Number of protein chains: 2
Amino acid sequence: MVKRSEAELDLIFHALADSTRRGILRTLADGKRTVGELANPYEMSLAAVSKHIKVLRHADLVKQTRDGRLQQCEFNPAPIKQAAETLAHLASFWDDRLSELADFLTTYTPPTGPDKE
Amino acid sequence: MVKRSEAELDLIFHALADSTRRGILRTLADGKRTVGELANPYEMSLAAVSKHIKVLRHADLVKQTRDGRLQQCEFNPAPIKQAAETLAHLASFWDDRLSELADFLTTYTPPTGPDKE
DNA sequence: TCGACATTCAATCAAATGGTTGACAAATGT
DNA sequence: ACATTTGTCAACCATTTGATTGAATGTCGA
């Protein structure tokens, strides 16, 4: 029942509309990663990946914190809920399942990645 | 379990990343509409809305058929399934609910709109 | 057949996107 | 102090997006 603005949904869906960014999110779903670790699999420059991460941050899908000279990125699933609500409402069903979804996501804690806390 | 191409997901999420297009889909979720009916609520030109619908068609979210001199637009929820699967997988849970979702969507028939069949 | 209606197409434009490179900054190691 | 590592920023470029307007297409009704 979160009051979701259309502008937020724009940011979220736009962030998801790129396979590189979805790939980053899939990696982050497994746990925290540094920007460098996230950039490694891709052919493009580090700066390009950094910009993709910035888009994800702007959509609040990724939280980033400095850890020494590393930037630790963490998946934030909360906006996914908004996206899922939108899809669910579009299909106009499933609203009973939605509360479970919301509960799960608000209590979700990502697994720890290969990095040390 | 359908293995979907990243390119398709690009199209689907991109189509969803615009509030006008989401508005059009919400209207269509209620039943068929003509291009003109869909365009009416918006300030922008008919041509602009026509192009938005084209984007939705390209993502296979809308089917369009000619009915006399009218173009009837119909919501196709199947791609929503792919988007939902992606979100579900990102949150890495929920996979048991996914089959219900898939079943629902593949058998889904939209309600009839204010137009006559 | 003529004209009104419904929609698309074509040309155009400003703004946003996604990529590059090089300069910069912050933390660490020697 | 100085160089290295890690990442961001700024400038630049090509392409795409989202909008407009006006012409073109197709269909119906008189």
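It should be emphasised that the depicted structure is a prediction, and the values quoted were computed from it without experimental measurement. Protein chains get the first letters and strands the later ones, always in sequence-line order, with residue 1 at the start of each.
Side-chain proximity of A/Ala48 to C/dA11, C/dG19, D/dT17: nearest is C/dG19. If you check D/dG18, D/dT8, D/dT20 against the side chain of A/Leu46, the one that comes closest is D/dT8. Among D/dG18, C/dG18, C/dT20, the nucleotide with an atom closest to any side-chain atom of A/Arg21 is C/dG18. Side-chain proximity of A/His14 to C/dG19, C/dT17, D/dT20: nearest is C/dT17. For A/Met44, whose side chain is taken as the heavy atoms from C-beta onward, the closest listed nucleotide among D/dG7, D/dT20, C/dG19 is C/dG19.
Along DNA chain C, the nucleotide closest to B/Gln71 and the one closest to A/Thr20 are compared, and the more 5′ of them pairs with B/Gln71. Heavy-atom distances to DNA chain D give each of A/Arg69 and A/Ile53 a nearest nucleotide, and the one nearer the 5′ end belongs to A/Arg69.
Remark: A/Ser50 is in phosphate contact with D/dT8, judged by side-chain N or O atoms under 4.0 Å from OP1 or OP2.
Residue contacts for A/Lys54: at a heavy-atom cut-off of 4.0 Å it reaches the sugar-phosphate backbone alone, with no base atom in range. Within 4.0 Å (heavy atoms only), B/Leu70 reaches sugar-phosphate atoms of the nucleic acid but no base atom. Within 4.0 Å of B/Ala47, counting heavy atoms only, lies at least one base atom of the nucleic acid. Across all strands shown, B/Glu43 has no heavy atoms under 4.0 Å from either base or sugar-phosphate atoms.
Within the 4.5 Å cutoff, the side chain of A/Gln72 has no heavy atoms near those of the A/Gln64 side chain.
Here the shortest heavy-atom pairing between A/Phe13 and B/Leu16 reads CD1-O, 3.5 Å. Here the shortest heavy-atom pairing between B/Leu46 and B/Ala39 reads CD1-CB, 3.5 Å.
Regarding B/Gln64, its CD atom lies at a distance of 9 Å from the P atom of C/dT7, rounded to whole Å. Between the CG atom of B/Leu11 and the P atom of D/dT16 there is a distance of 13 Å, given to the nearest Å. Put simply, OH on A/Tyr42 is 11 Å from P on C/dG19, counting in whole angstrom units. Between B/Asp10 atom CG and D/dT15 atom P the separation is 19 Å, expressed in whole Å. The NE2-P distance, from B/His58 to D/dT17, rounds to 10 Å in whole Å. A/Arg66 places its CZ atom 16 Å from the P atom of D/dT5, with the value rounded to the nearest Å. In this structure, NE2 of A/His52 is placed 15 Å from C1' of D/dT8, rounded to the nearest angstrom. A/Asn40 has its CG atom 14 Å from the P atom of D/dT5, to the nearest Å.
Between the CG atom of A/Leu11 and the CZ atom of A/Arg57 there is a distance of 13.5 Å, given to the nearest 0.5 Å. Rounded to the nearest 0.5 angstrom, B/Leu38 CG and B/Ile53 CD1 are separated by 5.0 Å.
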